Protein chains: 2
Amino acid sequence: MATPLVVEKTLSDKASLRLTEAIITGELQQGQKLSEADLATRYGISRGPLREAIRELEGMRLVKRVPHAGARVIKLDMTALADLYRVREALEGMACRMAAEQMSEQEVSALFGLLDAHEKQIEESGGESYFQSEGDFDFHFHIAQGSRNQMLIDLLVGELYQLLRMCRYQTSHLRNRTHMALKQHRQMVEAIADGDGDLAELLMRRHISGAWKSIKVMMEENK
Amino acid sequence: MATPLVVEKTLSDKASLRLTEAIITGELQQGQKLSEADLATRYGISRGPLREAIRELEGMRLVKRVPHAGARVIKLDMTALADLYRVREALEGMACRMAAEQMSEQEVSALFGLLDAHEKQIEESGGESYFQSEGDFDFHFHIAQGSRNQMLIDLLVGELYQLLRMCRYQTSHLRNRTHMALKQHRQMVEAIADGDGDLAELLMRRHISGAWKSIKVMMEENK
DNA sequence: CTCTGAATGATTGTCAACAATCGGAGCAAT
DNA sequence: ATTGCTCCGATTGTTGACAATCATTCAGAG
């Protein structure tokens, strides 16, 4: 395959990526104002491309912009997180259903392989949660791909997963339910292997609403 | 109500609105290239704001942009439409469930009033389809609002409904199922009035998947 | 005749200066 | 002391010129 090794990117695209990472990792804190002049000089570009990058982030719902007053990083409060998980429940549920209807056998066996690898990682790291979080993204990413629905894929991978990563950074001190999650993932893949769309969607929705309930109580405890 | 009569908007925001309408109404045809210089002079603004507007449309999935090659209006082919209706099924289904769980009595009775008004319109216009299409938007808009989920509302109203309007313009020659749709709307509102989230979601999903099947066969006939 | 590749024109990407707008400090009047 | 006004600095919005990139054309070699 002759894909170019270096994909030429535009300055605003690069700035968009950098800003995205800065927001997700908390380098730019929630609610913080984005100063065009400051960021432009810091990134060594002019304000033109930077403004376009901010417009792009606005489309990804990472910043909110108000005319003549600038852009601010969104605040992921409880309400916003509740909204996010509800939307995920709907979209990922549908993705899981469609994956069950359309994934090839190879993809399904690749999913099984992924689960085994995750299990191994969890055992080796003694329940260390970081790897499982990465593994969780892996899993959901593959399910989304399996739906064959490009709009669904774009919404999940391009927008919601960024917000989810932001949430994970914020709540990284909370231990997460790795074993429970892995078990649920396995159940889903089995439903997918059976081509059982109804069950696959049901399981994914339970998985996500369960995750939300767990996060919610933990956040209320630690607050 | 003391909303300001003249809302000061930025040039790129105005350009964004104009472009959106131009794309939805077909003034800018599907797949057509957007020339920055041409559009800028036509709208009487410079290329800076116009570029930002295009970035915004990209976020709404109305155009696709490729670096150094410009932006083109998306093409709503069968695949894209199928994807769209599937995503709508998931999101509006969830919205309908949440509306059933959270709408106030006043909102529910307002919904009943809306249905009566639509019925009257349909009878008066003898099944004229245009009003029903507008009425359909009204209905789905109110359901989305009733979910109280801002992310869901933004996704549906800000992105998907624009694509849907574009689709309606494209298929306006096809007669649509006004009476069937009205009946289904009424069933949904009754489920919402009962606070029956399960049923409300089920009905909405059937409503949308049914609409898609109907559109699909009509498009295949007329092709 | 076909294919390669260099010149060229058109289009997009970037920049720095200029204009418009907002928010707050300071001051005066009640 | 508080309210309202004015001015001013800071920030965002806009512009036109300049640089970089792509697509096309056309000349020439095989």
Side-chain angles (χ1 to χ4, degrees), chain A residues 2-20 22-23 27-75, chain B residues 2-20 22-23 27-75:
Chain A
T3 50
L5 289 174
V6 181
V7 180
E8 287 304 330
K9 292 195 173 178
T10 181
L11 287 187
S12 64
D13 286 338
K14 282 189 276 188
S16 173
L17 291 179
R18 257 185 99 169
L19 279 174
T20 302
I23 289 175
E27 182 185 329
L28 290 170
Q29 293 183 350
Q30 296 189 20
Q32 182 176 340
K33 184 157 180 295
L34 300 186
S35 161
E36 295 180 1
D38 180 29
L39 289 171
T41 56
R42 192 183 312 181
Y43 291 175
I45 63 180
S46 84
R47 281 178 50 221
L50 191 96
R51 283 173 63 87
E52 293 186 20
I54 288 179
R55 274 302 227 283
E56 200 158 324
L57 292 210
E58 191 190 10
M60 291 197 273
R61 298 164 214 286
L62 288 175
V63 305
K64 277 186 94 73
R65 215 177 42 84
V66 13
H68 302 288
R72 310 190 88 91
V73 180
I74 55 151
K75 277 183 268 195
Chain B
T3 50
L5 288 174
V6 182
V7 179
E8 287 304 333
K9 291 195 176 179
T10 184
L11 286 189
S12 64
D13 286 339
K14 283 190 276 189
S16 172
L17 291 179
R18 260 185 96 169
L19 279 174
T20 302
I23 289 175
E27 182 185 329
L28 289 170
Q29 294 184 351
Q30 296 190 19
Q32 182 176 340
K33 182 154 181 294
L34 300 186
S35 161
E36 293 181 1
D38 180 29
L39 289 171
T41 56
R42 191 182 313 179
Y43 291 173
I45 63 180
S46 82
R47 281 178 50 220
L50 191 96
R51 283 173 63 87
E52 292 186 20
I54 288 180
R55 274 304 227 283
E56 201 159 324
L57 292 211
E58 190 190 12
M60 291 197 273
R61 297 164 215 287
L62 287 176
V63 306
K64 277 186 93 74
R65 214 178 44 83
V66 15
H68 301 289
R72 311 190 85 91
V73 180
I74 54 149
K75 278 183 267 195

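Nothing here was measured: the structure is a model prediction, and the numbers come from that model. All chains are named by letter (A, B, ...) in the order of the sequence lines, taking the proteins before the strands, and each is independently numbered beginning at 1.
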Asks: A side-chain contact here means heavy atoms from C-beta on lying under 4.5 Å apart; do R65(A) and D13(B) qualify?
Replies: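 Yes. Closest side-chain heavy atoms under 4.5 Å.
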Asks: Could you check whether any side-chain heavy atom of L19(B) comes within less than 4.5 Å of a side-chain heavy atom of Y43(B), counting everything from C-beta outward?
Replies: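 Counting from C-beta outward, L19(B) and Y43(B) do come under 4.5 Å.
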Asks: Give me the residues of residues 48-63 of chain B where at least one heavy atom lies under 4.0 Å from an atom of DNA chain D, by number, or none.
Replies: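 Only G48(B), P49(B) qualify.
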Asks: Atom pairs, N/O to N/O, protein against nucleotides 7-11 of chain D, distance under 3.5 Å?
Replies:
unit_1: dT11(D); atom_1: O3'; unit_2: K33(A); atom_2: NZ; d: 3.3

Asks: Hey, what do you get for CD (E52(B)) to CD1 (I54(A)), rounding to the nearest 0.5 Å?
Replies: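 So the gap between those two atoms works out to 9.0 Å.
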Asks: When the distance from NZ of K9(B) to P of dT14(D) is rounded to whole Å, what number comes out?
Replies: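 About 13 Å, once rounded to whole Å.
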Asks: At a cut-off of 3.5 Å, list every protein nitrogen or oxygen paired with a nitrogen or oxygen from nucleotides 7-10 of chain C, distance to 0.1 Å.
Replies:
none

Asks: More than 12 heavy atoms of other residues, nucleotides or ligands under 6.0 Å from NZ of K75(B): is that the case?
Replies: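 Not more than 12 within 6.0 Å, no.
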Asks: Would you compute the distance between atom CZ of R55(B) and atom CG of L57(A) and round it to the nearest 0.5 angstrom?
Replies: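 Nearest 0.5 Å value for the CZ-CG distance: 10.0 Å.
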Asks: Nearest whole Å is fine: how far is dA19(C) P from H68(A) NE2?
Replies: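 In whole Å, dA19(C) P and H68(A) NE2 are 17 Å from each other.
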Asks: What distance do Q29(A) atom CD and I23(A) atom CD1 have between them, rounded to the nearest 0.5 Å?
Replies: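 Output value for this atom pair is 12.0 Å.
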Asks: I need the CZ-C1' distance between R65(B) and dT11(C), as an integer number of Å.
Replies: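 Atom CZ in R65(B) sits about 14 Å away from atom C1' in dT11(C).
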Asks: Does T10(A) put a side-chain nitrogen or oxygen below 4.0 Å from OP1 or OP2 of dT12(C)?
Replies: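 No, because none of the side-chain N or O atoms of T10(A) sits under 4.0 Å from OP1 or OP2 of dT12(C).
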Asks: Report the distance from atom CG of L62(A) to atom CG of L34(A), rounding to the nearest 0.5 Å.
Replies: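 Nearest 0.5 Å value for the CG-CG distance: 10.5 Å.
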Asks: Taking the side chain of S12(B) as its heavy atoms from C-beta onward, which of dA16(C), dT14(D), dG13(D) lies nearest to it?
Replies: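 Nearest listed nucleotide: dT14(D).
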Asks: Check whether any side-chain N or O of T20(A) sits under 3.5 Å from a backbone N or O of S16(A) as a donor-acceptor pair, and report yes or no.
Replies: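 Present.
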Asks: In terms of side-chain heavy atoms of R47(B), which of dG13(D), dT12(C), dT15(D) is nearest?
Replies: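 Output: dT12(C).
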Asks: Do R72(B) and K64(B) come close enough that some side-chain heavy atom pair is under 4.5 Å?
Replies: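 A side-chain contact under 4.5 Å is absent here.
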Asks: Are L17(B) and K9(B) side-chain neighbours, meaning at least one heavy-atom pair lies under 4.5 Å?
Replies: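 They are in contact (side-chain heavy atoms under 4.5 Å apart), so the answer is yes.
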Asks: To the nearest 0.5 Å, tell me how far E56(B) CD sits from E58(A) CD.
Replies: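 Taking CD in E56(B) and CD in E58(A), the distance rounds to 5.5 Å.
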